[in-house]
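Each chain gets a letter, A, B and so on, in the order the sequences are listed, and its residues count up from 1.
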2 protein chains.
Amino acid sequence: MTIDDAPREALRGGPRELLRWVATGAAVSRADLSRLSGLSPSTVSQRVETLINQGLLEETGAGRSRGGRRPRQLAVPTGGAVVGAIDLGAHHARVGTLDLSGRVVQGRTLPVRIEDGPEQVLGALLAEVAALAAPSASTASGLVSSPTASTTADNAAGVLRGIGIGIPGPVQHATGRIVSPSRMPGWNGFDVAAFCAGRVDVPIIVDNDANLMALGAHRTAHSELDHAVYIKAGTGIGSGVISSGRLHRGAQGSAGDISHCRVVADPAPLCSCGNAGCLEAVASGAALVTALRDQGVPVSDLTGVIRLIDDGDRHATALARQAGRAIGEILAVVVNFFNPQVVAIGGRLADCEPLLASMRATLYERCLPLATQTLLIERVATSQDIGITGAAHLVIDHVVAAA
Amino acid sequence: MTIDDAPREALRGGPRELLRWVATGAAVSRADLSRLSGLSPSTVSQRVETLINQGLLEETGAGRSRGGRRPRQLAVPTGGAVVGAIDLGAHHARVGTLDLSGRVVQGRTLPVRIEDGPEQVLGALLAEVAALAAPSASTASGLVSSPTASTTADNAAGVLRGIGIGIPGPVQHATGRIVSPSRMPGWNGFDVAAFCAGRVDVPIIVDNDANLMALGAHRTAHSELDHAVYIKAGTGIGSGVISSGRLHRGAQGSAGDISHCRVVADPAPLCSCGNAGCLEAVASGAALVTALRDQGVPVSDLTGVIRLIDDGDRHATALARQAGRAIGEILAVVVNFFNPQVVAIGGRLADCEPLLASMRATLYERCLPLATQTLLIERVATSQDIGITGAAHLVIDHVVAAA
DNA sequence: CCGACTTGATTCGGTGATCGAAGAAAGTGG
DNA sequence: CCACTTTCTTCGATCACCGAATCAAGTCGG
């Protein structure tokens with residue numbers, strides 16, 4: 001199943017936005033929605049009715065009065081998981097199920113060996129999603145309450161409506177195919193969407209992991225900002241771009257892939273792509289591990305590196321600073337060029353203070369004053385669920401639009 | 001008069017697009033428009049009627065039959081200039097009047113001394129536009145014509161509907177104010193829009209010159225492409241960004257300003273901004289002139305430099321190559337990040353072969369294969385009218401939208 | 001405990017943009 | 001001269017949205 005680009009038209013008061021307002025608690029009643037969306041009460045009522053009929057929204061009794069008639073409270077049905085999400089990482093994958101509002105219902109982190117190849121890895125993860133989404137009764141992991149058996153017809157909650165998948169490498173979003181990934185041996189050219197479509201019979205949406213983080217973070221924290229850039233600095237380095245409120249994928253769907261931009265580095269380290277001085281070879285988690293080992297510091301993985309940095313190890317801290325500068329250099333070009341309202345950094349390296357500080361400094365030094373004068377430079381809310389949240393939003397946008 | 005952001009909503013078959021199709025000759029009849037826009041014949045007829053009533057379109061007899069009823073030909077009225085445009089450059093300004101289809105009616109190039117300050121420069125240029133737009137009969141140059149008794153209805157052709165102005169420096173588009181320009185002494189903080197609004201009583205739209213070039217080039221040559229980047233390399237260096245078919249200005253309106261991005265250069269030259277190694281200090285026309293003079297080559301201006309390069313002068317050519325590499329380096333980051341369908345270079349340096357060749361090479365070397373695999377790298381159609389064309393489109397979008 | 005005022009939600013035309021079908025206008029070609 | 005094209009208009013039907021009136025269900029002051 002090939003998915004074309006999904007969320008094109010105006011969200012302005014569209015069903016998705018109403019849903020999100022209810023989900024986030026920004027709106028509780030029809031009147032709230034009317035005020036927020038600017039739509040007339042009648043229109044909102046009508047829209048809400050169709051959402052309720054679709055099983056995407058439900059009425060949950062009356063709320064507290066504010067001096068007049070009590071509002072009829074609205075909520076997103078909690079009748080079970082409805083959207084599946086997989087956020088594949090270098091060593092671990094976060095899988096989960098989320099309700100149609102984008103809230104995580106169940107989430108699990110599984111160890112993953114990328115080198116086992118796509119069939120095996122994706123097969124296992126898909127099975128896990130299916131298990132999570134299956135009528136709970138059985139395992140009772142989180143005791144998913146079945147609240148009032150699926151009342152009505154075909155659109156009852158609890159059905160899996162789609163699966164969003166994030167891949168730590170370049171993905172041609174339109175086709176769902178992986179293209180020349182750096183650190184995913186055996187995955188080149190693999191058609192993720194087609195493979196998954198053969199296993200489960202729901203819409204599959206595949207995207208780059210940084211894009212998912214960007215979407216998740218934007219919808220969660222910056223939904224009112226038009227232009228945003230999110231950097232994901234973990235084992236690898238990627239970025240996701242929000243332009244005019246929407247995920248910018250570019251011509252080939254490879255927008256945001258800054259991992260092989262060249263930066264100045266003292267001994268320019270060789271990158272897995274064959275070039276020297278790639279951002280990824282200087283500033284990624286994998287690069288830090290390699291560099292430390294080369295200096296004779298015994299460190300096993302990124303966690304170890306971060307621990308060293310937190311402990312104030314000289315070598316590790318120096319490397320982190322260099323990494324921050326490198327990211328800042330590239331980001332400076334991006335900020336000048338794109339002039340976003342916010343730049344946020346996520347991933348495991350985002351909690352690394354020296355790196356962040358160097359990045360900020362470089363950014364302020366190298367950017368046009370006009371571009372930084374109101375620029376927010378933030379950390380992405382540190383949560384392991386950002387990725388699957390973004391994945392879910394992608395699926396929800398697709399599903400609700402199609403409804 | 002402050003102009004807010006203009007062209008927000010769908011152009012899909014909007015009045016502007018119909019107008020443009022007729023103007024470009026892509027459509028001659030209502031039936032053509034219907035086929036092109038996908039709108040139903042009835043809708044098109046209705047829209048065309050209102051456009052005719054507004055004086056933006058007219059019927060010009062019948063065309064040739066294609067086996068059935070002859071089409072009633074449509075055209076943009078040629079009743080005189082209707083939109084003014086000013087493309088201010090470092091040493092010259094191109095001013096002109098264009099009809100509502102974006103075709104140049106009259107164009108003139110005037111020498112300009114930026115250092116005379118905004119009042120004097122803009123005052124003279126505005127007067128020139130007014131003269132061009134005035135009912136032709138009188139030659140009088142100054143004579144800010146009171147656009148006199150509007151002949152027929154309020155919407156007759158021949159009336160000046162607005163003026164678009166391009167500035168070779170950072171412009172806060174929302175306010176029309178200039179912010180810390182490099183090479184415009186005495187212009188910092190000047191409110192162009194307000195100044196002009198005090199002189200003429202039509203909408204004034206101010207933007208960066210690179211943005212105007214981008215808009216002009218995109219509408220002229222790439223209107224079917226969603227994402228495009230245009231580089232303007234002349235005395236200075238700037239760029240304009242088209243995202244999802246629309247001009248991307250970013251948070252502060254400074255998007256595309258890559259002139260002070262740092263690049264590696266052997267003796268990193270000092271930039272007018274005080275930093276060293278800015279792209280503008282390495283690759284702009286002004287930088288080439290300075291560098292050649294420092295090498296003892298007597299050269300007066302950019303024209304001289306280009307002549308030297310064309311003549312195969314070693315020093316000049318080497319500098320051009322270095323400039324091309326520098327632009328390519330920055331552009332590589334931009335292409336990886338933004339993943340456009342096309343990158344086009346304009347400005348006077350665009351005709352410089354060695355520069356272009358180096359830029360292309362660098363781009364292909366440094367970019368993700370996925371990003372360059374279908375990327376078009378072109379020269380912007382070399383015309384002195386690209387800038388004012390873009391300016392006119394900006395005004396037309398604004399005017400037709402308001403109608 | 002009763003009315004005046006508030007707030008929340010629905011009902012019911014009304015408007016504007018668009019579509020589709022039908023038909024009128026104006027040709028071409030055998 | 002008749003069949004068939006192409007172009008354009010006319011005329012409801014539909015859809016989304018709005019606004020005003022109305023209904024529903026409170027609070028609150030006296």
Side-chain angles (χ1 to χ4, degrees), chain A residues 7-19 21-22 25-54 56-76 400-403, chain B residues 7-19 21-22 25-54 56-76 400-403:
Chain A
R8 57 167 63 84
E9 80 320 4
L11 328 181
R12 222 10 247 239
R16 291 194 277 297
E17 206 168 21
L18 296 190
L19 216 54
W21 273 321
V22 173
V28 180
S29 63
R30 291 164 175 79
D32 287 346
L33 285 174
S34 172
R35 280 184 289 264
L36 278 173
S37 65
L39 295 172
S40 73
S42 34
T43 307
V44 170
S45 251
Q46 178 183 306
R47 278 239 230 274
V48 166
E49 196 187 334
T50 74
L51 284 173
I52 289 177
N53 286 339
Q54 290 173 347
L56 303 179
L57 219 51
E58 66 181 7
E59 246 172 66
T60 61
R64 227 194 315 283
S65 163
R66 290 193 293 170
R69 172 175 174 173
R70 294 189 313 202
R72 301 167 65 175
Q73 283 185 303
L74 299 173
V76 174
V400 176
Chain B
R8 57 168 63 82
E9 80 320 2
L11 328 181
R12 221 13 246 242
R16 292 194 275 299
E17 207 168 18
L18 296 190
L19 216 53
W21 274 321
V22 173
V28 180
S29 64
R30 292 163 175 79
D32 286 345
L33 286 174
S34 172
R35 280 185 291 264
L36 277 173
S37 66
L39 296 172
S40 72
S42 33
T43 307
V44 169
S45 250
Q46 179 182 304
R47 279 241 230 271
V48 166
E49 196 186 335
T50 73
L51 284 173
I52 289 176
N53 287 339
Q54 290 172 346
L56 303 179
L57 219 52
E58 65 180 8
E59 244 171 70
T60 62
R64 227 194 314 284
S65 162
R66 291 195 292 172
R69 171 174 175 173
R70 295 190 313 204
R72 302 167 63 175
Q73 284 183 303
L74 299 172
V76 175
V400 176

Side chains of B/Arg47 and B/Leu39 in contact at under 4.5 Å (non-hydrogen atoms)
yes
So, is A/Arg35 near the phosphate of C/dG8, with a side-chain N or O under 4.0 Å from OP1 or OP2?
yes
Per-nucleotide protein contact along nucleotides 11-18 of chain C, 5' to 3', at a 4.0 Å heavy-atom cut-off (B base, S sugar-phosphate only, - neither), is B------B
Would a 4.5 Å heavy-atom cut-off, applied to side chains only, mark A/Glu59 and A/Leu74 as touching?
yes
From CZ of B/Arg72 over to P of D/dT7, roughly how many Å is that when rounded to an integer?
13 Å
Starting at CG of A/Leu57 and ending at P of C/dA9, how long is that distance when rounded to a whole Å?
12 Å
The answer to which of A/Val44 and B/Val28 contacts DNA chain D further toward the 5' end, by nearest nucleotide, is B/Val28
Between CG of A/Leu51 and P of D/dA16 the distance, given in whole Å, is 13 Å
Assess whether side-chain contact (heavy atoms from CB on, under 4.5 Å) is satisfied between B/Leu56 and B/Val76, documenting all intermediate values.
CA-CA 6 Å; B/Leu56 303 179; B/Val76 175; over 6 Å; no
To the nearest angstrom, how far is B/Glu59 atom CD from D/dT7 atom P?
15 Å
Within the structure provided, determine whether B/Ser37 and B/Val44 are in side-chain contact (heavy-atom separation under 4.5 Å).
yes
Interatomic distance, OG1@B/Thr50 vs CG@B/Leu18, rounded to 0.5 Å, equals 9.0 Å
Can you tell me how far apart CG (B/Leu33) and CH2 (B/Trp21) are? Round to the nearest 0.5 Å.
7.5 Å
To the nearest Å, how far apart are A/Leu33 CG and C/dT7 P?
18 Å
Could you go over nucleotides 26-30 of chain D and give all protein N or O partners under 3.5 Å, atom names and distances?
from, atom 1, to, atom 2, distance (Å)
D/dG26, OP1, A/Arg70, NH2, 3.2
D/dG26, N2, A/Gly67, O, 3.3

The reported gap from CZ in A/Arg66 to OG in A/Ser29 (rounded to nearest 0.5 angstrom) is 7.0 Å
Which pair of non-hydrogen atoms, one from A/Arg70 and one from A/Arg64, has the smallest distance, and what is that distance?
CG-C, 4.3 Å
